[in-house]
2 protein chains.
Amino acid sequence: MTVKSAPRPRIRDAEATQARILAAAKKEFAKSGLAGARVDVIAERAKANKRMIYHYFNSKEDLFQRVLEDAYVDIRTAEQKLDLDRLEPREALERLVRFTWDYYLKNPEFLTLVNSANLHKARHLKKSQTIEQVSRRFVGMVGALLDRGEKSGDFRAGIDPVQLNITIAAIGYYYFTNRFSGSIIFQRDLMTPAALEERLRFNVETILRLVCKTEPPAGK
Amino acid sequence: MTVKSAPRPRIRDAEATQARILAAAKKEFAKSGLAGARVDVIAERAKANKRMIYHYFNSKEDLFQRVLEDAYVDIRTAEQKLDLDRLEPREALERLVRFTWDYYLKNPEFLTLVNSANLHKARHLKKSQTIEQVSRRFVGMVGALLDRGEKSGDFRAGIDPVQLNITIAAIGYYYFTNRFSGSIIFQRDLMTPAALEERLRFNVETILRLVCKTEPPAGK
DNA sequence: TAAAGAAGTAACTAGATGGTGCAATAAAGC
DNA sequence: GCTTTATTGCACCATCTAGTTACTTCTTTA
């Protein structure tokens, strides 16, 4: 009777349901924050029953924590794939700056999720073991790059990898999270392709000037 | 009967009540965001009746907008008092970086308020005429400084004041708003006096290297 | 000093909101 | 097939929350 060759879509699929809930939750939390997010909206957007959310994730807070964890794992995983070791130090550094920028641009939810986490004093991160693991590797990466560049004579000595990491993140992060207020205060649209390109160039220059011994080659 | 020479504290004082409400609202909005803030909490903390909030400020949203406006006016006013014109360009630039840092450090509510505003796409700022006024003056200030430094030969030519402004804000702002997640990810307390001092030094160096022609004097 | 208006209070409402109890149904194991 | 277990849906609740109604009390001023 039923053709089984192509397995028909499962009517009950725990994994798929959980994935839909997580995706919907990410969107909703990113859009409205933890307090502003509505569980009913998440359920509706996930095409799941609200009951499922509590079945799989226990509570709104736990769901938020899970969303946050997944978001951190995602960016850290992407960073690891950069393979900075295989590039010249200067190139590797520039690549990291560009990657960070692009990630924020393409994943704006990440920014608001982190903001929400910090509004709650990051108590959702403290609980998480996953976060610590991925973070450690990440911090090591820039440290190794700085060492390499120092030895090759490209980079100045004694730069703290944590400070550099923070700065690279900051100059992109701030631009994007505050893009709305920024566009008003500075009276220009910060999100046009031209504006984005200009900012990225400025950021690369900022970091190269900070880290490199000699000046970056005068513009293209 | 009643001695009127020393006017006894007024039992009814519209201005004082409004001020108390605004102060309480600032705290509550900064702590919990727009959605998370509770009007009842604001009323209680202001030692005012909830009805008064609606009497003076019409709605929760309007109150939020007012708090935001006041916060922007406060920082922009403080910046104007810096009197950068009277300093050497390099000194003036360093002063601006240090001021921005100190302001964020001493007014952490400002950061979360701005974050909340941006979570809501800054629609509370768009409505406000006050913001535009104070913003314009502020942007001009750094522009004038850059011009002056360029002419004196201290600064590189062609630096966009808006990009510089954003960068100066970013390297402090990011550090503070994400201090909770940062302390976990980087596995060090970012708020100890030593950590704060180190970061400020790093920030000054970042900006001087970005803007100045010659290297900043090799550290002490 | 009387009238008018401003400042303040308590109790209340209508609608939302996170979270549940319980039964129904599909899938997996025997 | 038949039992067991995991997945899902519906209806419901207790509580919270922004905003309001109706009223009292203080202050000013004519």
Side-chain angles (χ1 to χ4, degrees), chain A residues 1-4 6-29 31-67 116 120 123-124, chain B residues 1-29 31-68 116 120 123-124:
Chain A
M1 284 286 147
T2 41
V3 182
K4 283 210 172 169
R8 60 178 169 186
R10 299 169 116 246
I11 293 175
R12 301 197 156 191
D13 190 331
E15 252 180 88
T17 304
Q18 287 177 47
R20 285 203 317 278
I21 291 173
L22 281 172
K26 186 175 185 179
K27 235 185 185 172
E28 174 70 0
F29 282 132
K31 188 185 162 202
S32 307
L34 175 52
R38 296 293 160 241
V39 177
D40 294 84
V41 171
I42 294 171
E44 198 181 9
R45 270 220 279 251
K47 282 175 194 169
N49 192 282
K50 188 164 59 154
R51 193 72 193 74
M52 293 291 88
I53 291 174
Y54 290 93
H55 182 57
Y56 290 123
F57 301 101
N58 184 50
S59 71
K60 189 187 181 187
E61 293 249 327
D62 286 4
L63 177 59
F64 179 71
Q65 183 177 336
R66 176 62 187 279
V67 166
S116 286
H120 297 274
R123 67 167 194 269
H124 304 90
Chain B
M1 281 283 147
T2 39
V3 183
K4 280 207 173 169
S5 59
R8 60 179 170 188
R10 301 170 115 242
I11 293 173
R12 302 195 155 191
D13 189 331
E15 253 180 86
T17 303
Q18 288 178 46
R20 285 202 317 279
I21 291 173
L22 281 171
K26 187 176 185 178
K27 235 184 183 171
E28 174 70 359
F29 283 131
K31 187 185 163 202
S32 306
L34 175 53
R38 297 291 161 244
V39 176
D40 294 84
V41 172
I42 294 171
E44 197 181 11
R45 269 220 279 253
K47 281 175 194 166
N49 190 280
K50 188 163 56 152
R51 193 66 191 78
M52 291 290 91
I53 292 174
Y54 291 92
H55 181 52
Y56 291 125
F57 300 102
N58 183 48
S59 72
K60 191 188 181 186
E61 292 249 328
D62 285 4
L63 177 58
F64 179 71
Q65 182 177 337
R66 175 61 188 280
V67 166
L68 214 67
S116 287
H120 297 275
R123 66 166 194 272
H124 303 90

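These numbers come from the heavy atoms of this one structure, side chains and all, not from hydrogens, waters or symmetry mates. Quick note on labels: first sequence line is chain A, next is B, and so on, each numbered from 1. Computed from a prediction, not measured in an experiment: that's the story for all the values here.
Heavy atoms of B:Ala43 sit nowhere under 4.0 angstrom from any nucleic acid atom. Counting any heavy atom pair closer than 4.0 Å across all strands shown, A:Ala16 reaches no nucleic acid atom.
When the side-chain nitrogen and oxygen atoms of A:Tyr54 are compared with OP1 and OP2 of C:dG21, none of them lie within a distance under 4.0 Å. For A:Thr17 and D:dT8, the shortest distance from a side-chain N or O to OP1 or OP2 is below 4.0 Å.
On a pure distance criterion of 3.5 Å, a polar donor-acceptor pair joins the side chain of A:Lys50 and the base of C:dG19. Residue A:Lys60 places no side-chain atom within donor-acceptor reach of the base of C:dG19, judged by atom type and a 3.5 Å distance cut-off alone.
Closest to the side chain of A:Ala14, from the set D:dT7, D:dT20, C:dA7, is D:dT7. Taking every side-chain heavy atom of A:Arg38 into account, C:dG18 is the closest of D:dG19, C:dG18, D:dG9. Which of D:dT8, C:dA10, C:dG18 sits closest to the side chain of B:Arg51 comes down to C:dA10. When distances run from any side-chain atom of B:Tyr56 to the nucleotides D:dA18, C:dG18, C:dG8, the shortest one goes to C:dG8.
Atom CE of B:Met52 and atom C1' of C:dA7 are 6 Å apart (whole Å). In this structure, A:Arg20 atom CZ and D:dT7 atom C1' are separated by 12 Å, rounded to whole Å. For the pair B:Phe64 CZ and D:dA18 P, the computed distance is 14 Å after rounding to whole Å. In this structure, the CG atom of B:Asp40 is 14 Å from the P atom of C:dA11, given to the nearest Å. When rounded to the nearest whole Å, the span between NE2 of B:His55 and C1' of C:dG8 equals 9 Å. Atom CD of A:Glu44 and atom C1' of C:dT17 are 15 Å apart (whole Å). Per the geometry, CG belonging to A:Asn49 stands 15 Å off P belonging to D:dC12, to the nearest Å. Counting to the nearest Å, the C1' atom of C:dG18 and the CG atom of A:Asp62 are 13 Å from each other.
The existence of a salt bridge linking B:Arg66 and B:Glu61 is excluded, since no basic side-chain nitrogen approaches an acidic carboxylate oxygen closer than 4.0 Å.
Residues A:Arg38 and A:Lys60 have side chains in contact (heavy-atom distance under 4.5 Å, counting atoms from C-beta outward). At a threshold of 4.5 Å between non-hydrogen side-chain atoms, the residues A:Leu22 and A:Leu63 count as touching.
Remark: side-chain polar atoms of A:Asn49 are not paired, donor with acceptor, to backbone N or O of A:Met52 under 3.5 angstrom.
Annotation: ring-ring contact (aromatic ring centres under 6.0 Å, His included) contacts involving residues 37-64 of chain B, sequence neighbours excluded, comprise B:Phe29-B:Phe64, B:Phe64-B:His124.
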